[in-house]
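The structure under discussion appears below in the form of structure tokens.
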Amino acid sequence: MKIPPVKGTRDFYPPDMARRNWIIDGWKKVSVRNGFEEYDGPIFEYLKMFQIKSGDEIVEQLFSFKDRGGRHLALRPEITPTLARMVNQQINSLPKPIKWFSVPRLFRAERPQKGRLREFFQWNIDIIGVDDVLADAEVIFTTVDYLRSVGLKQRDVRVKISSRKLLASSLKNVGIQETQLLSLYALLDKYSKMPGDTFKKMLSEQVMDESIAKKVINFMGSTALSEVSEIIGTNAEVEDAIQELARLKELLEQMGVWQYCEFCPGIVRGLAYYTGVVFEVHEFSQELRAICGGGRYDNLLHDFGGPRISATGMGMGDCVLGILLDERGLFKPESKELDYFVAFVDEVYRQNVIELTMKLRSAGFVTNFSYKAVKLSKQLKEASAQNAKRCIIIGEEFKSNQLVIKDMATGKQELVDYDKFLSELKS
RNA sequence: GUGAGAGUAGCUCAGUCGGUUAGAGCACUGGAUUGUGGAUCCAGGGGUCGCGGGUUCGAAUCCCGUCUUUCACCCCA
């Protein structure tokens, strides 16, 4: 009976695994060089933990089950709640600031489509305990640092930055009621996805007053911070949010990555827990869904039973990124490569082939030999297929203690003394 | 949950109006080559034409159902 793979999952054959590792190794390397430390948690948690942050609707969007003790558990759809739990547990003994990263395998029971699967990997970086946009700047810098390192240019990706503080204070300043904010966010989040007229129409359903609606539209369309106070007027709260974003821009300029970024009030981001700076990275033509998203979430640790400590972070999945890297031809995974392939001319030397192979392996060289007793040309073919850098050929010369070493790239070969070769291996 | 498209070899696909034993390229295995790889040539293995039913003398082909998958919507932590 043939069993198909489960919907929304991927099989990683060796070439796929090489690509996956290439992405993840890149994430880890950039995290570490930016001063983040790696952590991880269990792949399943109490279902309740995910409900705290995201509400009850989340339950049907994740894989949950009951264990034999009747506990309601779920495969993790994100790692931030685990992070909050872990940090809260040791909050008093952890040196601040906390700069942690993780590359969890996550699960979401959604219908798969382009750039979205049911099982995927997500790079997360978080800075906890720094109530300063400098931390937001560092999160954004680290994100760009990675994108840059894989060869994505300014013309490929844009970091779109906004602020929940600015959004809330601006909307209130033009006359939107506080109670209206959340439902309005959902619409504003779609601003860039729909034609202007459609947006206008849908906005008018929520905002009856035409002059207010017009201000909201102008605000959403603004691309420079300096325009904002002209459009929506100003007050202390608005001014404060603008100052914060201006400082963020200044910091990103100092860090040398502002050219990847732009101010974009349309970035709202789904859930309600963001409290400050928010950002998303999009592919330039906007044809793909967001490559990553992040922002400040100052209440989350408290929501998980901890102290009021500020936090900011970012998450980047491997699906959309993988599509983009593919489209741009930027994947450069290392293919399988052998240092040595050991071959024989006559089967009588087979034992010597095995012995030498094991010695090479013990010395740390990636080495293979043929399992089959086939002629030399076949063995060399196998070596070639396995990307061997060098072939060692054991033949007549071995009787006088000599090996033939063939360089597979140049085709040149030389005779070397066996004992000498071995002693050089050890050094 | 809603809508649209697609399912033929491991992969990408062709298959005429419904007509004999379902094909190609790539990949894989072997040979051409008994001490020299990548190229080339030759050969070979590999198929429940997604599955089930129906129409028909006859179905990969037409009809119905179903499953899977892709894409979009909802949602997106």
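Every chain is numbered from 1 and lettered A, B, ... according to where its sequence line falls, protein lines coming before strand lines. For the numbers below, each heavy atom of this structure counts, side chains included, while hydrogens, waters and symmetry mates do not.
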For B:C67 and A:Lys7 - does any side-chain N or O of the residue sit under 4.0 Å from the phosphate oxygens OP1/OP2?
no
A:Arg116 atom CZ is separated from B:C73 atom P, nearest whole Å, by 9 Å
What pattern of brackets, bars and dots sums up RNA chain B from 5' to 3', given Watson-Crick or G-U wobble pairs under 3.5 Å, [ ] for crossing pairs and | for another strand?
(((((((..((((.....[...)))).(((((.......))))).....(((((..]....))))))))))))....
P atom, B:C62 versus B:G7: distance in rounded Å?
11 Å
For RNA chain B, whose closest nucleotide is more 5', that of A:Asp189 or that of A:Pro5?
A:Pro5
In this structure, how many angstroms lie between the C1' atom of B:U36 and the CZ atom of A:Arg390, rounded?
18 Å
Report the nucleotide, chosen from B:G37, B:G35, B:C76, that has the shortest atom-to-atom distance to any side-chain atom of A:Leu380.
B:G37
Which nucleotide in the set B:U36, B:C76, B:G35 lies at the smallest distance from any side-chain heavy atom of A:Val345?
B:G35
Spacing of the C1' atoms in B:U8 and B:U68 (rounded, Å):
15 Å
B:G23 versus B:G38 - spacing of their C1' atoms, nearest Å
30 Å
Looking only at non-hydrogen atoms, find the nearest pair between A:Val228 and A:Phe219 and report the distance.
CG1-CE1, 3.9 Å
Distance between the P atoms of B:U66 and B:G3, in whole angstroms?
12 Å
Rounded interatomic separation in angstrom, taking CG from A:Asp16 and C1' from B:C11
12 Å
From the options B:A77, B:U33, B:G38, select the nucleotide whose nearest atom is closest to the side chain of A:Lys381.
B:G38
Cation over ring, A:Arg19 on A:Phe331, under 6.0 Å and within 45°?
yes
Determine the Euclidean distance between corresponding C1' atoms of B:U21 and B:G50; express it in Å to zero decimal places.
23 Å
Should the pair A:Arg20 and A:Phe12 be classed as cation-pi, given the thresholds of under 6.0 Å to the six-membered ring centre and 45° from the axis?
yes
Just checking A:Glu396: base, sugar-phosphate only, or nothing, at a heavy-atom cut-off of under 4.0 Å?
base
What's the closest nucleotide to the side chain of A:Ile393 if the choices are B:C76, B:G31, B:U36?
B:U36
Using atom CE of A:Met408 as one end and atom P of B:U36 as the other, report the distance to the nearest whole Å.
13 Å
Looking only at non-hydrogen atoms, find the nearest pair between A:Phe263 and A:Ser222 and report the distance.
CE2-OG, 4.0 Å
Between A:Asp298 and A:Arg296, does at least one N-O distance fall below 4.0 Å, as a salt bridge requires?
yes
So what does A:Gln379 hit on the nucleic acid, given a heavy-atom distance under 4.0 Å: a base, only sugar-phosphate, or nothing?
nothing
Give me the distance, rounded to whole Å, that separates B:A72 from B:G58 when you measure between the P atoms they each carry.
44 Å
Check this one for me: any side-chain N or O of A:Lys372 less than 4.0 Å away from OP1 or OP2 of B:G30?
yes
Is it the case that B:G35 (base atoms only) and A:Glu397 (side chain only) share a donor and an acceptor within less than 3.5 Å, ignoring hydrogens and angles?
yes
Of the candidates B:C75, B:C76, B:U70, the side chain of A:Arg108 sits closest to B:C76
Mind checking whether A:Tyr146 and A:Trp123 have ring centres under 6.0 Å apart?
yes
Expected list for residues 186-199 of chain A: side-chain donor-acceptor pairs under 3.5 angstrom, two or more places apart:
from, atom 1, to, atom 2, distance (Å)
A:Asp189, OD1, A:Arg269, N, 3.3

For this output row, return yes or no: ring centroids of A:Phe369 and A:Phe341 closer than 6.0 angstrom.
no
Just to confirm, is there a sub-4.0 Å distance from OP1 or OP2 of B:A32 to any side-chain nitrogen or oxygen of A:Lys375?
yes
Quick check for you: among B:A77, B:C76, B:U36, whose closest atom lies nearest to any side-chain atom of A:Arg269?
B:A77
Can you figure out which of B:G35, B:G31, B:A77 approaches the side chain of A:Pro77 most closely?
B:A77
A:Ser377, nearest nucleotide to its side chain (from B:A77, B:U36, B:G35):
B:U36
Euclidean distance, atom CE of residue A:Met194 to atom P of B:C73 [Å, nearest integer]:
11 Å
Tell me which of A:Lys114 and A:Arg289 sits closer to the 5' end of RNA chain B, going by the nucleotide each one is nearest to.
A:Lys114
Suppose you measure atom C1' in B:A39 against the same atom in B:A4; what distance do you get, rounded to whole Å?
46 Å
Using whole Å, what does the distance between atom C1' of nucleotide B:U29 and atom OH of A:Tyr371 come to?
18 Å
Length of the CD1-P vector between A:Ile323 and B:U70, whole Å:
11 Å
Over-ring placement of A:Arg164 relative to A:Tyr185, 6.0 Å and 45° cut-offs
yes
NA contact type, A:Gly293, heavy-atom cut-off 4.0 Å: base, sugar-phosphate, or nothing?
nothing
C1' atoms of B:U55 and B:U61, separation to the nearest Å
13 Å
For a quick test of reading the model: is some side-chain N or O of A:Lys190 closer than 4.0 Å to OP1 or OP2 of B:C75?
yes
Closest of B:U2, B:C73, B:G38 to the A:Arg111 side chain is B:U2
Quick one: is A:Gln113 getting a side-chain N or O under 4.0 Å of the B:A72 phosphate, OP1 or OP2?
yes
Taking only Lys NZ, Arg NE, NH1 and NH2, and the carboxylate oxygens of Asp or Glu, determine whether A:Arg390 and A:Asp407 approach each other closer than 4.0 Å.
no
Just how far, in rounded Å, is P of B:C28 from OH of A:Tyr13?
16 Å
